[in-house]
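Presented below is the structure to which this report refers.
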Amino acid sequence: MSSTPPDIAELLPAVDAPQAEAVRWLADYVCRPHPELGRDGAVCPFMLPAARGGTVRLHTRTGLATAGGAELRALVREMARTFRTAQWARSNPVIHCLILVLPDLPRSHGHLLDAVQAELKAELAGDGLMLGQFHPDCPEPAARNPEFPVSRSPVPMLAMRNMALHDVLFLHHDPELFQQYRLRFGARFEPDVSVAQVYREAYEAGAAACPVRTPHPTTTEHPTTTEHPTTTETR
């Protein structure tokens with residue numbers, strides 16, 4: 001652990017004990033490198049720039065002790081509405097992040113977060129949104145190390161953000177998801193455009209499995225195409 005911890009705890013003042021626990025996890029884990037990630041840099045390179053830019057919104061939702069899939073699906077859709085209508089402090093959409101802490105969701109219900117995230121990710125991708133689920137037993141692997149369960153947190157939570165260039169690493173394997181990615185970022189993978197080789201390889205794999213259905217527009221037509229200059233990938 002670095003001798004100079006990230007200043008995220010000062011940038012994200014917690015209003016309750018669950019948020020305080022979440023912020024400690026963000027500072028001590030999410031904003032730091034990890035030897036099992038399979039790449040250099042913080043677990044989430046977005047988080048500290050987002051906190052410094054004032055574009056992380058941290059909310060708590062209680063009343064989920066008996067929640068099932070229907071309640072969690074409704075919660076995610078409500079979260080998407082909140083995200084889309086928020087007034088953000090900075091215009092760069094890549095650093096807009098909404099975190100919902102779910103302190104009374106039982107640990108035994110963590111698998112419901114996994115299921116709801118999987119069920120709704122295509123719907124959210126259609127709006128250019130990405131959703132991550134985090135809980136103590138989350139099996140979600142790191143993009144570059146499938147043996148590392150990167151999304152384990154001490155308190156259940158959901159995190160929503162805009163789709164970004166690096167998301168090809170998560171979306172290329174599913175034709176429906178990849179089509180939504182290509183609509184927003186296809187122009188970034190033209191032969192004469194420079195892009196990280198790991199992204200290009202993933203994009204080409206997705207394109208091979210997903211025939212073009214519509215011409216991809218230029219990236220300037222979509223508000224989610226800006227990439228933070230220091231960002232690699234979230235997981």
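Given the structure is predicted, the values throughout are model-derived calculations rather than measurements.
- Asn145 places a side-chain N or O within 3.5 Å of a backbone atom of Glu36 that can act as its donor or acceptor partner.
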Does the salt bridge (Lys or Arg N to Asp or Glu O under 4.0 Å) test come out yes or no for Asp167 and Arg184, once each step is laid out?
-> CA-CA 11 Å; Asp167 286 317; Arg184 292 164 173 79; over 6 Å; no

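- When the side chain to side chain donor-acceptor pair (under 3.5 Å) test is applied to Gln197, the partners found at least two apart in sequence or on another chain are Glu201.
- Contacts of Arg61 classified as side chain to side chain donor-acceptor pair (under 3.5 Å), with partners at least two apart in sequence or in another chain: Glu78.
- Side-chain contact check for Cys97 versus Met47: some heavy-atom pair is nearer than 4.5 Å.
- Remark: Arg52 CZ to Leu48 CG distance equals 3.5 Å, nearest 0.5 Å.
- Counting heavy atoms from C-beta on, the side chains of Tyr199 and Arg188 never come closer than 4.5 Å.
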Take Asn162 and Met130 through the test side-chain contact (heavy atoms from CB on, under 4.5 Å) and record every step on the way to the result.
-> CA-CA 6 Å; Asn162 286 304; Met130 299 290 290; over 6 Å; no

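- Two residues are said to be in side-chain contact when any heavy atoms from C-beta on lie closer than 4.5 Å; Arg144 and Val198 meet this criterion.
- Qualifying side-chain contact (heavy atoms from CB on, under 4.5 Å) partners for Pro136, counting only residues two or more places apart in sequence or in other chains: Arg107.
- If you take CD1 on Ile99 and CZ on Phe134, they are separated by 8.0 Å, rounding to the nearest 0.5 Å.
- Residues Val150 and Leu37 form a side-chain contact, since some pair of their non-hydrogen atoms from C-beta on lies under 4.5 Å apart.
- Proximity of Leu158 to Val116: side-chain heavy atoms (C-beta onward) are nowhere separated by under 4.5 Å.
- Counting heavy atoms from C-beta outward, Leu124 and Val76 have side chains that approach closer than 4.5 Å.
- Within the structure, the ring pair (Phe, Tyr, Trp, His ring centres under 6.0 Å) test picks out the following pairs touching residues 61-104 (sequence neighbours left out): Phe83-Trp88, Trp88-His96.
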List the steps, then state whether side-chain contact (heavy atoms from CB on, under 4.5 Å) holds for Glu21 with Val101.
-> CA-CA 10 Å; Glu21 187 173 17; Val101 184; over 6 Å; no

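- Between atom OG of residue Ser194 and atom CZ of residue Arg200 there is a gap of 7.5 Å, rounded to the nearest 0.5 Å.
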Go through the steps for Phe148 and His34 under the test ring-ring contact (aromatic ring centres under 6.0 Å, His included), then give the verdict.
-> CA-CA 10 Å; Phe148 177 47; His34 193 286; 4.4 Å; yes

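- Under the side-chain contact (heavy atoms from CB on, under 4.5 Å) criterion, Arg90 pairs with Thr55, Ile95, not counting sequence neighbours.
- When the side chain to side chain donor-acceptor pair (under 3.5 Å) test is applied to Arg77, the partners found at least two apart in sequence or on another chain are Glu123.
- One distance of note links CG of Leu171 with CZ of Phe185; it measures 9.5 Å at 0.5 Å rounding.
- Each ring pair (Phe, Tyr, Trp, His ring centres under 6.0 Å) pair with one or both residues in residues 101-122, not counting sequence neighbours, would appear here, but there are none.
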So Gln180 and Asp127, side-chain contact (heavy atoms from CB on, under 4.5 Å) or not? Walk me through it.
-> CA-CA 9 Å; Gln180 294 299 328; Asp127 284 338; over 6 Å; no

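- In this structure, Leu183 CG and Met163 CE are separated by 9.0 Å, a value rounded to the nearest 0.5 Å.
- Of all heavy-atom pairs spanning Ala20 and Ala14, the tightest one is N-CB, 3.3 Å.
- The CD atom of Gln133 sits 4.0 Å away from atom SG of Cys138, with the distance rounded to the nearest 0.5 Å.
- Residues that satisfy the ring-ring contact (aromatic ring centres under 6.0 Å, His included) test with His172, not counting sequence neighbours, are absent from this structure.
- Nearest heavy atom pair, residue Val155 against residue Pro103, reads CG2-CA, 3.9 Å.
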For Met157 and Trp25, run side-chain contact (heavy atoms from CB on, under 4.5 Å): C-alpha distance rounded to whole Å, both residues' side-chain angles, the deciding distance at 0.1 Å, then the answer.
-> CA-CA 11 Å; Met157 63 186 82; Trp25 176 72; 3.8 Å; yes

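- For Ala209, there are no side-chain contact (heavy atoms from CB on, under 4.5 Å) partners, not counting sequence neighbours.
- When all heavy atoms of Asp104 and Gly63 are compared, the closest pair comes out as OD2-N, 2.7 Å.
- In plain terms, the two heavy atoms of Pro141 and Pro146 that are nearest each other are CB-O, 3.5 Å.
- Annotation: side-chain contact (heavy atoms from CB on, under 4.5 Å) contacts of Pro149 (sequence neighbours excluded): Arg152.
- Between Lys121 and Leu177 the shortest side-chain heavy-atom distance falls below 4.5 Å.
- Across all their heavy atoms, Pro139 and Asp114 have their closest contact at CD-OD2, 3.4 Å.
- Residues Val193 and Ala187 come closest through the heavy atom pair CG2-O, 3.8 Å.
- The side chain to side chain donor-acceptor pair (under 3.5 Å) check on Gln19 picks up Thr60, with sequence neighbours excluded.
- Between the side chain of Tyr181 and the backbone N or O of Leu165, at least one donor-acceptor pair lies under 3.5 Å.
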Indicate every side-chain donor-acceptor pair of residues 68-75 with a distance under 3.5 Å to a residue at least two apart or in another chain.
unit_1 : atom_1 : unit_2 : atom_2 : d
Glu71  : OE1    : Gly68  : N      : 2.9
Arg73  : NH1    : Glu119 : OE1    : 3.3

